[in-house]
Each structure stands twice: as C-alpha cells, then as structure tokens.
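A note on names: the letters A, B, ... follow the listed sequences, proteins ahead of strands, and every chain is numbered from 1.
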Amino acid sequence: MEINFIPIDYDYFDWQGKNYAKIIGRTEQGKSVCVIDSCPIYFWAILKQKISELKIRQIQQKIEKIKIKSPSRISKVLKTEIHSKKFLGKSVKAIKIFVTNYKDAHAIAGKIGMKEINKRREYDLGYITKYIIERKLKPLQWCKIQGKILNNSQKFGFLDANLNVDLVLEAEKISETAQKNFSPKILAYDIETDELEIGKGEILMISLVGENFKKVLTWKKYQTKLNYVECFKDEAEMLESFVKYVKEYSPDILTGYFSDGFDLPYLRARAEKNKIRLNLGIDNSQPKFSRGRILTGKINGIVHIDLLRFIRNAYSQYLKSETLSLNEVAGELLEERKLKFSPLEQVKLKKPNWEKFFEYNLQDSVLVYKLIQKAWSDLLEITRIIQEPLFNISRNTMANNFEELIIHNLHKFNEIAEKHPTHEEIGERRMRPKYEGAFVFQPIPGLYENICFFDFTSMYASVIVSYNLSRSTLTQKKNKTDLYQGELDRKKIYFTKEQGFVPELLKEIIIKRKQYKKEYNKNPNPITKARSNAYKLLANAAYGYQGFFGARYYCVEAASSTAYFARKNLKQVMEQLKKQNFDLIYGDTDSIAFKLNKHTKKQTLQLLNKINKKLPGIMELDLEDFYKRGIWVTKRTGEFGAKKKYALINEKNKIKIRGFETVRRDWCNLARQTQNKILNLILTTGNEKKALQYLKQIIKQIKKREIPLKQLIIRTQLKKPINEYKSIPPHVTIAKRMQEQELPIDIGMLIEYYISETENKKALVRERAKMPNEKGKYDIKYYLNNQILPAVENIFEVFKINIKELVEGKQQKKLGDFN
DNA sequence: TCCCTACCGTGATG
DNA sequence: GTACATCACGGTAGGGA
C-alpha cells in the first residue's frame with residue numbers, strides 16, 4: 001500500500017522494549033491515517049585525539065557489553081561503529097553507540113567513563129526529534145509512504161483497534177514528494193465558568209466553532225431562540241457531549257486562547273469531579289498536562305494549540321496592542337472584538353442574561369477561529385522550516401525555534417549536536433556580568449526639518465554572518481591575518497574566517513528572507529508574507545540565542561562581539577555622513593537620523609549606495625524614510641537630550657512616535673492623549689502655538705474637574721507575587737486591596753487605579769490610590785504635576801516655554817484665561 | 001521632620 | 001523566570017541633617 005501523507009501530530013510508544021513513532025496525519029483525500037515506524041537509537045562517544053585503533057577496539061568491546069536493567073525492561077548496547085565526525089567545527093573520531101531504548105541512552109551514556117573518551121553527546125535529544133532527523137518524515141510536509149496495513153493485528157498489542165482513524169499503516173519506505181498547500185481541520189473552543197480558579201466553579205457553557213460549524217453547549221435550563229445552543233441535563237452530560245462533538249468533527253487542531261492555562265485544565269478538573277472520562281485523544285486517552293513552569297495540555301492525535309502562546313512568542317513584538325487579551329489582539333488583527341458583556345458580574349446575578357451569555361461565549365470561539373486562520377500560514381511555514389512538530393512550534397520561543405533549526409540541520413555539516421547546559425553551567429552563565437551592548441547617539445534637543453533615516457537591515461544577524469561569530473568559530477589563535485577580531489569585556493577575542501555552521505545557517509535564512517520579501521512585494525499574499533515573516537523572526541532570534549544562558553550553542557563572546565561590530569559599523573557610517581556635511585541628529589543600535597542640509601534626496605541616496613559598496617560581508621544599509629520634521633527633547637532630569645524618545649512626521653504626514661509617554665501604557669489616557677495631540681500639532685504646523693492653546697484648555701478642564709475618571713485611570717502590570725515586592729508602589733497597594741476584597745488578581749494582570757485627594761497632603765501616592773469604582777475626587781494637583789506636566793514639559797522647553805508656571809497657575813492672572 | 005539620593009519597578013527602543 | 005543590552009521616569013526606602 002502506498003499513500004501520499006502529511007504528518008501532523010507525533011507521539012511514540014514502547015513495544016517489547018523498543019521505541020516506535022506513532023504519527024497521525026492525513027492523506028490527500030482527507031482520510032485520517034496513523035503511521036507506525038521506528039528508527040535506530042544511538043548516541044555518540046567522542047574520542048580524544050590520537051587514540052590507537054587497538055585501544056578504540058577495546059573500548060568498543062567494553063561498551064558493547066553494557067546492559068541496564070529497569071523494572072520494565074532490559075536495555076543494552078546493540079552495536080557500535082567508528083565514524084569521522086565534526087564537533088563544534090573540529091574533526092573528531094567518535095563511536096556511534098546503538099541502544100535498544102532511547103529512554104536508557106542517558107543511563108548508558110553515564111556508564112561510559114573511559115579516560116580516552118572526551119565527551120558523550122546526543123543522548124539528550126528527544127525521540128521525536130531523532131526520529132524526524134533519521135527518517136526524514138518532516139512535520140506538515142507531504143511525503144509518500146509505502147507500508148503494510150494493520151487491521152486488528154496482534155502486532156503492537158492491537159494498537160490499531162483502539163485508534164479512531166481510517167487507516168493504520170506500518171511504514172516500510174518513506175520518500176519525498178512535491179509540496180502542496182495544506183488546510184487543516186480546525187476547531188476553536190472556549191468555556192465560561194462561574195469561578196476563575198481551576199475546577200473550583202462549574203463550567204456553565206462551552207462554545208465550539210469550526211468550518212460551517214458552531215455550537216454552544218450548556219446545562220443551564222433555558223429556552224432560547226439561538227439555534228446553535230444545546231441544553232443538557234447537567235454539567236456531566238454537557239461535558240460528555242463536548243467530547244462527542246469534538247470526536248465527530250475530528251479536527252486536526254483544537255485551539256483556544258489561554259487554553260493551556262485555563263480551558264483545558266478546567267475541563268479536565270470538572271470531568272474528574274463528575275467522574276467522566278475526557279477521552280478526547282484519537283486513542284481515547286485523556287489530555288496530558290506537562291508540569292513545567294507553565295502548564296501545557298497535550299491531546300493524543302489532535303494538535304492542541306494555545307493561540308495566546310504562539311501570538312506571544314511570534315507576534316507580540318510586532319503588535320501594537322498593550323495587552324495580549326483576546327479582545328485587543330482580535331481588535332488589532334481582525335478589526336473585530338469580543339462582545340461587551342461581563343460574565344463574572346452576570347454569574348452573581350439571580351437572573352443572568354443567558355441569551356447574551358451564549359452569544360458572548362460563541363463570539364470568543366469565533367475570534368479564536370478567525371485568528372488561527374490568520375496565523376496558520378505562519379505556523380505552517382515555521383513548522384516546515386524548523387522541522388519540529390506543530391505542537392512544539394506553537395509553544396516555542398523564537399530562540400528555542402532557532403536552536404531546533406540548528407539541530408535539524410547539523411547532518412549537513414556532519415556535526416554531532418552539543419548538549420544542553422547543566423544546572424551548574426546555567427548558573428555560571430547567569431552569574432557573568434553584562435557585556436556592552438548597543439550604541440545610542442546622544443541627541444541635541446530641538447525641532448528639526450528635512451530629516452533622513454537610514455537603518456541596517458537585520459543588523460545583528462548580518463553581523464554574525466559577516467564576521468562569522470559563533471561558538472564553533474571562536475578560536476584561541478592570534479594569527480591576525482585570517483581572523484576576525486571581536487571583543488568581550490574590552491579584551492580582544494578572535495574568530496576564524498572559515499565559515500561555521502551557525503553563521504552559515506543564518507546566512508541561508510537571511511538570503512531566503514530577502515528573496516521572499518522581494519516575492520512578497522511583487523505578489524503580496526498571505527503565503528509570501530508568512531514566509532518572509534517567518535525568516536525575519538528567525539534571523540532576529542539568532543543574536544539573542546547566542547547570548548542566552550540556556551542555549552546549547554551559547555557563546556557570550558559571539559554575542560558581545562556582535563554588539564561590538566554593530567557599534568563599530570554604525571559609528572563608521574556616522575563618520576562618513578559627517579564628513580559629507582550631513583548633520584547627525586540621532587542613532588540607536590542600527591539606525592541613523594541626520595539632516596539633509598543642502599543635499600538633495602538623490603545625492604543622499606547616491607551616498608547610501610557608496611556606503612553600501614564598502615560594507616563588510618552581507619551587511620546592508622537601507623533608506624528607512626525621509627521626514628519633513630522631527631522633535632527630540634531633553635531628559636526630565638538634566639539638560640541632555642533624552643535617548644529613545646522622539647517623534648517624526650514623514651512626507652505623507654504619517655506620524656511616528658517613539659518612547660514618549662503617549663506610547664507607554666502606564667500613564668493615564670489623559671496624559672497620553674494630551675501629549676499625542678501636542679506632538680501632532682507641533683509636527684504638522686512646525687510651531688508650538690496651537691499646541692499651547694490646546695494645553696491651556698486641557699489644564700482648565702482638569703481644574704474644573706471636567707475630566708471623566710476613565711481618562712485618569714493608571715494601569716500598571718503586576719509582575720510578581722505581592723509579597724515579593726521590596727518596595728510597595730501604588731499598583732501593589734491596590735492589588736493587595738483587591739485581594740482583601742476577594743477580587744481575582746493574578747500575575748500579569750493590569751492593575752487599574754486613580755489618585756484621589758486626601759486630607760493629608762503629605763500622604764504617599766500609594767496612600768491616595770483608589771480603585772476605579774471607589775468613591776473619591778481625583779487629585780487635581782497630582783494629575784497636573786505628575787501626569788500632564790511631565791508629559792509635555794520637555795516638549796515646550798524646545799520652544800523655550802516654561803510650562804511649569806502655566807500648570808501650577810502661578811502666573812494665571814497674567815495669562816488670563818483660567819483660574 | 002525635611003531633604004536628598006540610591007534603588008526598585010515598569011515599560012519603552014532596537 | 002528562560003533571547004540580548006540600553007534608557008527614561010515615577011515612586012519609595014532610608015540615611016543624614
């Protein structure tokens with residue numbers, strides 16, 4: 001039997017002491033298939049230099065005798081082979097040690113302590129990772145599989161009989177085939193409960209949304225006109241029906257939002273309470289939760305995706321949303337929001353508005369369903385590039401993905417994989433002091449006209465490639481003719497010029513990114529965009545990866561040298577611009593802002609071209625944009641220009657604001673909006689007159705208490721448990737109060753408060769902080785002096801206007817128009 | 001008690 | 001609590017006058 005097959009979910013099991021991979025996927029016709037397969041299990045013992053062949057033979061014989069007994073099996077070394085390999089770029093001789101069961105590889109490696117053996121490696125790779133590398137059955141990539149059908153066969157203990165799939169195949173031959181698109185069957189779900197703590201309350205309803213499929217399941221007896229609502233006798237019956245519907249729909253992917261941390265564990269807890277099996281798995285197994293720092297829910301045969309985690313890891317830095325709540329993210333990506341409804345208030349009512357409740361519950365699943373449609377091409381693309389299962393890809397950080405990309409490509413370099421750092425190694429790495437990072441140019445405050453911005457494309461990644469910065473290229477040699485000279489803690493360090501595998505893989509990524517970006521610009525569609533985006537995300541992760549204490553290929557020398565070469569190149573370009581009589585305004589890490597002065601745009605671009613020709617390796621300087629006007633301000637403390645704070649207007653009148661309070665969520669809306677408006681007015685008109693008028697009007701409104709409280713709410717995130725705070729800022733005080741009132745508080749929550757007036761004028765800010773629903777008068781002085789003034793003071797200072805007097809009202813009679 | 005400053009905490013930039 | 005360093009700024013804690 002031969003089929004075209006796309007692998008979706010991976011799992012493995014033991015049969016008679018041996019490991020087997022169990023891969024769930026589909027045929028072109030959409031039939032669900034389970035493929036059973038296996039691969040040799042081995043790890044490496046890397047030999048020291050100059051060991052005699054006789055000695056190696058003796059070591060092999062010793063190793064081949066190793067046996068390990070565990071309660072469930074006897075594991076042993078099957079055979080050994082000698083190979084010429086590379087480890088960290090250096091040629092080595094290594095013994096390939098084949099074992100019966102991968103779970104014992106670690107223990108067997110522990111028994112190999114001969115003094116001739118330098119290192120043992122690859123006993124810490126996961127079985128699925130090894131399997132994918134060995135058998136090239138790559139996630140979400142179409143392939144041809146020849147094999148034997150298992151039909152109620154005794155083999156594997158009647159495993160096929162308990163699988164809800166159309167076909168079970170034992171693979172014999174796997175071969176490549178042309179790639180086509182793949183649209184998985186997706187089901188989104190969401191639950192509503194009357195208590196937030198997992199399992200404490202009851203699940204009131206569950207919504208399910210798929211293609212031409214929508215349901216709300218509930219046990220609240222209620223007559224409804226909504227045809228998608230189904231009512232059940234009790235919670236138990238509803239849960240059983242949920243399982244039934246999921247199985248009938250037979251999705252490839254079951255997805256929720258924060259469902260790792262809430263929906264799935266809640267369902268599991270309530271099923272237990274009701275003594276029901278939540279047998280969602282394709283083998284009728286229940287969801288399994290891995291107890292890491294963060295809960296992770298896995299369902300056999302169905303890829304459970306917590307979309308929040310993917311969005312956080314892949315998209316968050318590119319989103320404008322201030323929180324990653326479903327409401328905000330959907331608002332930004334879909335221009336659609338959650339229904340306005342407050343479930344936790346409703347459940348406290350005697351007669352909740354069930355009709356609205358059902359609609360609200362359904363809408364959440366609708367949003368998740370639409371969001372994953374948007375994310376799908378990225379998920380598919382990243383999965384195909386990294387070659388790890390979708391379940392992992394959807395939860396991995398980008399640094400994590402980068403490491404797995406390396407692991408899956410090592411065979412191209414004949415490299416043996418480096419191991420994970422041990423606890424002690426991680427501890428040491430974390431102890432080391434910080435290395436010098438990016439260069440930031442000290443701006444001179446002012447309003448500038450005719451500005452040009454250049455920036456380096458993927459600067460850090462292109463530096464790593466151009467200077468060959470990595471663990472395997474770091475060298476002790478000091479023969480300066482064929483080495484790159486980097487820096488760590490002001491000491492010189494060296495990298496060979498012979499290309500290392502990390503820079504080479506990164507180079508491929510950058511080249512593909514450029515290629516796909518071109519393709520996208522020519523032919524903009526979700527696929528080309530996703531491809532281009534996926535490569536960009538990966539390239540950006542490479543620098544952080546090498547400086548990350550948990551990385552297999554950690555190399556602080558490479559990380560610090562990356563920053564060093566970036567500083568050097570940025571400063572060099574700055575010098576060139578200065579020599580050509582451009583006035584520098586600003587620069588940060590990989591960007592440069594300067595005044596055109598008497599130069600034309602054409603001349604400027606010609607210079608850009610000239611600079612590019614001299615840049616090392618694949619480094620590239622790009623035109624970011626031309627701007628009509630821009631403003632840089634002083635720091636609140638000190639007379640110097642503030643870094644990382646500026647605002648620009650381009651020739652299409654598009655405004656770009658960086659670092660100002662306007663873009664910071666921990667300032668009240670009034671301060672943010674006032675500042676935004678003032679920056680807008682100044683940038684569009686080129687002077688401060690209208691802005692000043694506007695400010696006066698706002699100040700008047702504050703003093704007359706005309707500002708609605710909503711505009712004055714300050715939001716600050718609670719980042720750790722309350723008792724871990726050394727000093728107690730206002731938002732922690734409020735969090736404590738909320739806790740006392742048994743309001744739900746959680747790490748990561750945005751705490752809202754406003755500052756009220758009190759008798760005691762000297763009270764600390766936190767003593768004046770009140771929850772939004774607490775009665776009180778907002779403190780006029782606080783909002784003037786601590787919110788509005790700091791937000792606008794430095795902007796007007798550019799025009800030599802002292803706002804302080806205006807705000808405090810010292811000269812109010814003179815200025816006349818408010819009191 | 002007042003005043004100053006170091007440090008904490010958050011959230012930006014790139 | 002798991003990619004990096006740099007920076008601004010409000011607020012508190014705590015010591016010295």
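Separating the CG atom of A:L537 from the P atom of C:dC4 is a distance of 17 Å, rounded to the nearest angstrom. A straight line from CD of A:E404 to P of C:dA3 spans 13 Å, rounded to a whole angstrom. Atom pair A:R429:CZ and C:dA5:C1' shows a separation of 19 Å (rounding to whole Å applied). As rounded to whole Å, 17 Å separates atom P of C:dA5 from atom NZ of A:K643. With rounding to whole Å, A:R552 atom CZ is found 16 Å from C:dA3 atom P. Rounded to an integer number of Å, the gap from A:I406 CD1 to C:dA3 C1' is 12 Å. Between the CE atom of A:M398 and the P atom of C:dA3 there is a distance of 12 Å, given to the nearest Å. Atom pair A:Y553:OH and C:dA3:C1' shows a separation of 17 Å (rounding to whole Å applied).
Pairs passing the salt bridge (charged side-chain N to carboxylate O under 4.0 Å, His left out) check and including a residue from residues 316-326 of chain A, sequence neighbours excluded, read A:E322-A:R672. The list of salt bridge (charged side-chain N to carboxylate O under 4.0 Å, His left out) pairs with a residue in residues 715-727 of chain A, not counting sequence neighbours, reads A:R715-A:E752. Identified under the side chain to side chain donor-acceptor pair (under 3.5 Å) test for residues 436-448 of chain A, with sequence neighbours left out: A:E436-A:R567.
You can see that DNA chain B meets the heavy atoms of chain A within a 4.0 Å-exclusive cut from B:dC2 to B:dG14, reading 5' to 3'.
Remark: A:K507 pairs with no residue by the salt bridge (Lys or Arg N to Asp or Glu O under 4.0 Å) rule, at least two apart or across chains. Checked against ring-ring contact (aromatic ring centres under 6.0 Å, His included), A:F582 has the following partners two or more places apart in sequence or in another chain: A:F594, A:H599. Annotation: salt bridge (Lys or Arg N to Asp or Glu O under 4.0 Å) contacts of A:D622 (sequence neighbours excluded): none. Taking A:F548 as the reference, nothing meets the ring-ring contact (aromatic ring centres under 6.0 Å, His included) condition, with sequence neighbours excluded. A:E332 is linked by a salt bridge (Lys or Arg N to Asp or Glu O under 4.0 Å) to nothing, counting only residues two or more places apart in sequence or in another chain.
Here the separation of C:dG1 from B:dG9, taken at their P atoms, is 13 Å to the nearest Å.
For C:dA3, the OP1/OP2 oxygens have a side-chain nitrogen or oxygen of A:T397 closer than 4.0 Å.
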- Letter per nucleotide, 5' to 3', of nucleotides 9-17 of chain C [B base touched, S only sugar-phosphate touched, - untouched; heavy atoms, 4.0 Å]: SSSSS----

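Within the nucleic acid shown, A:Y646 comes within 4.0 Å of sugar-phosphate atoms alone, with no base atom in reach, counting heavy atoms only. A:G544 comes within contact range of at least one nucleobase, with a heavy-atom separation under 4.0 Å. Among the heavy atoms of the strands, none lies under 4.0 Å from A:F402. No contact: A:G550 has no heavy atom under 4.0 Å from any strand. As judged by a 4.0 angstrom heavy-atom cut-off over every strand, A:Y725 is placed among residues touching the sugar-phosphate backbone only.
With respect to the salt-bridge test (charged N to carboxylate O, under 4.0 angstrom), the residues A:D588 and A:K643 do not qualify.
Comparing A:K720 and A:E436, the nucleotide of DNA chain C nearest to each residue sits closer to the 5' end for A:K720. When each of A:A438 and A:K719 is assigned the nucleotide of DNA chain C bearing its nearest heavy atom, the one mapping closer to the 5' terminus is A:K719.
In terms of heavy-atom proximity, A:P503 sits nearest to A:I464 at CB-O, 4.1 Å.
A heavy-atom distance below 4.0 Å to DNA chain C is reached by none of the residues of residues 385-396 of chain A.
Taking the six-membered ring wherever Trp is involved, the centroid distance between the rings of A:Y627 and A:F453 falls below 6.0 Å.
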Tabulate below the donor-acceptor pairs under 3.5 Å that side-chain atoms of residues 532-543 of chain A make, not counting sequence neighbours, or state none.
{"unit_1": "A:S532", "atom_1": "OG", "unit_2": "A:R513", "atom_2": "NH1", "d": "2.6"}
{"unit_1": "A:N540", "atom_1": "ND2", "unit_2": "A:Y318", "atom_2": "OH", "d": "3.0"}
{"unit_1": "A:Y543", "atom_1": "OH", "unit_2": "A:Y435", "atom_2": "OH", "d": "2.8"}

